[in-house]
2 protein chains.
Amino acid sequence: MAKNDNSVNIENAKAAEGERYHHGDLRSALVEEGLKRLQQGPAEALSLREVARSVGVSATAVYRHFPDKQALLHALADVAGDRMASAFETAMAAAKPGKDAFDAMGRAYVHFALKNPFLFKLMMSPEMMSGIAAEGRPRTRGMAMLTSALSELSGGKMSSEVQNIRRLQAWSIVHGLAMLMLDGLVPADEKLIDDVLASKIV
Amino acid sequence: MAKNDNSVNIENAKAAEGERYHHGDLRSALVEEGLKRLQQGPAEALSLREVARSVGVSATAVYRHFPDKQALLHALADVAGDRMASAFETAMAAAKPGKDAFDAMGRAYVHFALKNPFLFKLMMSPEMMSGIAAEGRPRTRGMAMLTSALSELSGGKMSSEVQNIRRLQAWSIVHGLAMLMLDGLVPADEKLIDDVLASKIV
DNA sequence: TTCGCCATGTTAGCACCGTAAACATAGACG
DNA sequence: CGTCTATGTTTACGGTGCTAACATGGCGAA
C-alpha cells in the first residue's frame, strides 16, 4: 500500500477528536459549522466568535484560514453555488428536454431558495455576487447553469437580443416569486408555485 | 389669534437650533437622519449611536422615542411605504386607464426600487413586513396600492383565483427584476426594464 | 409664585462583536 | 537534533445595542 488514495490525510483529520493543539482541519470545520448555522438563521446573525466557539477553538483562530468575516461568507456562498448547481443538474436530468425541462429549472430554482433560504439569500447578496472577484467562482456556478440552460431551452429561433430578454423575463419571475415567498410577502404554497410558473412567458 | 393653525408648535421645534437640553423634536430628527443615511447605505450599516451623534444627541436619547433599533427601522419603513404609495399614485395619474396604467405601475415599482434601493430593501425585509404587526401599517400602503391596482387593471372577467395568480405573476416579474438589478446581478439599464416589462404576461 | 411631576435628556457600564498584535505550540524537514 | 513555519492562543482596542441611574427643565396644580 505504497501510495493509495488516502488523498487528504493530514494527521487523520477528525479522528481522535481530542484536545490537540492543532485542530487538523479547522477550515473545513468552520465552513461546516457556518453551513449548519445558515440552516437556522440569516448570515447577518452569524458571528465569527460564535462559530469559533462551536468548533471549540479561540475566536481569532479563524483568521488563520480566512482574512476576515467576508472571506468565510464567501466560502459559504461558494458551497451554496455548488449545491444550487447540483439541484439544477438533477432537476434537468429528471425532466425530458424541451419546455418540460424549462419548467423544471424554474421550479428547481424556487424550491432551492425555499429549502435553503439563508444560503440562497447569502449567495444572492451583492457582497457575494458583485465585482469581478465573483467571476468564475464556484458561487456563480448555479447562476451560470441557469442562464446557459435557459439559453438552450428558450428556443434557438430568436435573435440573441430577444433571447436575452426572454431569459431575463424567466429569471425575473422565478427570482421574484422566490424572494416574495422567502420574505413572507406571499405564502410559500406548493400549488401556488406551480400555478404561477405554469403559464409563464417564454 | 386665539387658536389658529400653529398645530405642532412645541417650543418652536428647530428654530434657534442652539444647544438646548431638550431637542424639541428629536423623534423627527432621528427619522430624518435615518432616511438620509438610507440614501447612501443599507439598513444593516445603520448604527443608532451614529445617528444619534449626527443629530447631536447622546446615544441613549434615542431610547426615549424608540424602544429599540427595530422600532426606528419600522418608522423608516413606514416612510418608505408612504413614498412608494405616492410614487404609484403619480404613476397611475399620468397614465391612461387600461393596460397603459398597468405597465405604468410595473415601471413605477422598479423605478422606485432602483431610486431608493436601501429604503426599498428595508421595507421589503421580513422583519418589517412579516407578522400581524405590519397589517394596516403605513409601510404596507405601497403594497396595498399595488395589489388593489393590479386587481382592477388585470381584467375583471376572470375568476378571483385566476385573477390572484395573474396578479402574483405580475408582482413576481416586477419584484424579481427589481431585486436582480438591485443586487447587481443584472445591469440597471432603463431600456432593459422596458423590454422585460413590455411583453410581460397578463 | 412655588412646588413637584415627568417627559426628555445625560453618563456609566454591560456583553457582545470584528479584528490586530504578540506570543505559544508542535509538526516537517534540514 | 535544531530551527522554520503553519497554526493555534491571549490580550487588547474600538465599535455596537441596550439597561440603569441620574439630571434638566417645562407645565400644571397648590
Side-chain angles (χ1 to χ4, degrees), chain A residues 3 6 8-34 37-38 41-76 122 125 127, chain B residues 3 6 8-34 37-38 41-76 122 125 127:
Chain A
K3 51 169 96 169
N6 285 347
V8 188
N9 191 0
I10 308 171
E11 77 166 82
N12 254 357
K14 52 169 50 179
E17 191 73 71
E19 60 291 313
R20 299 189 314 294
Y21 189 90
H22 287 87
H23 178 284
D25 195 3
L26 220 204
R27 190 192 154 99
S28 304
L30 291 170
V31 171
E32 202 84 11
E33 181 63 29
R37 284 171 187 273
L38 283 182
E44 298 84 41
L46 191 153
S47 118
L48 279 195
R49 298 175 98 110
E50 219 177 336
V51 170
R53 227 174 289 138
S54 291
V55 169
V57 96
S58 79
T60 54
V62 180
Y63 291 89
R64 292 296 154 197
H65 300 271
F66 301 97
D68 56 15
K69 190 181 183 178
Q70 278 288 317
L72 173 55
L73 293 179
H74 275 90
L76 293 170
L122 170 65
S125 74
E127 294 82 15
Chain B
K3 51 170 94 169
N6 286 347
V8 187
N9 191 359
I10 307 171
E11 76 167 84
N12 254 0
K14 51 169 51 178
E17 191 75 68
E19 60 291 314
R20 299 187 316 292
Y21 189 90
H22 287 86
H23 179 284
D25 195 3
L26 220 203
R27 190 192 154 97
S28 305
L30 292 171
V31 171
E32 202 84 12
E33 182 62 30
R37 284 172 186 273
L38 282 182
E44 298 85 41
L46 192 153
S47 121
L48 280 194
R49 298 175 99 109
E50 218 176 337
V51 170
R53 228 174 287 138
S54 291
V55 169
V57 98
S58 79
T60 55
V62 180
Y63 291 89
R64 292 297 154 195
H65 301 272
F66 302 97
D68 55 15
K69 190 180 183 179
Q70 278 288 317
L72 173 55
L73 293 178
H74 275 90
L76 294 169
L122 170 65
S125 73
E127 294 83 16

Can you tell me how far P of D:dG17 sits from CG of B:L48, to the nearest Å? 5 Å
How would you label the contact of B:R27 with the nucleic acid (heavy atoms, under 4.0 Å): base, sugar-phosphate, or nothing? nothing
Between B:R53 (CZ) and C:dT10 (P), how many Å, whole number? 13 Å
Are the side chains of B:F66 and B:H74 in touch, meaning some heavy atoms are under 4.5 Å apart? no
Spacing of B:L30 atom CG relative to D:dG17 atom P, expressed in whole Å: 13 Å
Please walk me through it: do B:R37 and B:E50 pass side chain to side chain contact (heavy atoms under 4.5 Å, CB included)? CA-CA 10 Å; B:R37 284 172 186 273; B:E50 218 176 337; 3.2 Å; yes
Would you jot down, in residue-number order, the residues of residues 54-65 of chain A having a non-hydrogen atom under 4.0 Å from DNA chain D? A:V57, A:S58, A:T60, A:A61, A:R64, A:H65
Rounding to a whole Å, what distance do you find between B:D25:CG and C:dA7:C1'? 14 Å
Closest non-hydrogen atom pair, B:L30 against B:V55: CD2-CG2, 4.1 Å
Minimal heavy-atom distance between B:S125 and B:L122, with the atoms involved, is OG-O, 2.8 Å
Take B:S47 and B:R53, measure what side-chain hydrogen bond (donor to acceptor under 3.5 Å, both in side chains) needs, and give me the verdict at the end. CA-CA 10 Å; B:S47 121; B:R53 228 174 287 138; 5.2 Å; no
May I ask you to evaluate whether B:S47 reaches the phosphate of D:dG15, defined as a side-chain N or O under 4.0 Å from OP1 or OP2? no
Considering non-hydrogen atoms only, spot the tightest contact between A:L73 and A:A43 and give its length. CD2-CB, 4.4 Å
Rounded distance in Å - CD (B:E50) to C1' (D:dG17): 14 Å
B:R49 (side chain) and D:dG17 (base): donor-acceptor pair under 3.5 Å: yes
Report the distance from atom CG of A:L73 to atom C1' of C:dG18, rounded to the nearest whole Å. 12 Å
Closest approach of A:K69 and A:L46, non-hydrogen atoms and distance? NZ-O, 2.8 Å
Base, sugar-phosphate, or nothing for A:L72, non-hydrogen atoms under 4.0 angstrom? nothing
If I compare all heavy atoms of B:A52 with all of B:S58, which pair ends up nearest, and what's the gap? CB-O, 3.6 Å
End-to-end axis angle, where each axis spans five pairs of the helix from C:dT1-D:dA30 to C:dG30-D:dC1, to 10°: 10°
Listed partners of A:S28 passing side-chain hydrogen bond (donor to acceptor under 3.5 Å, both in side chains), at least two apart: A:D25
Euclidean distance, atom NZ of residue A:K69 to atom P of D:dT16 [Å, nearest integer]: 15 Å
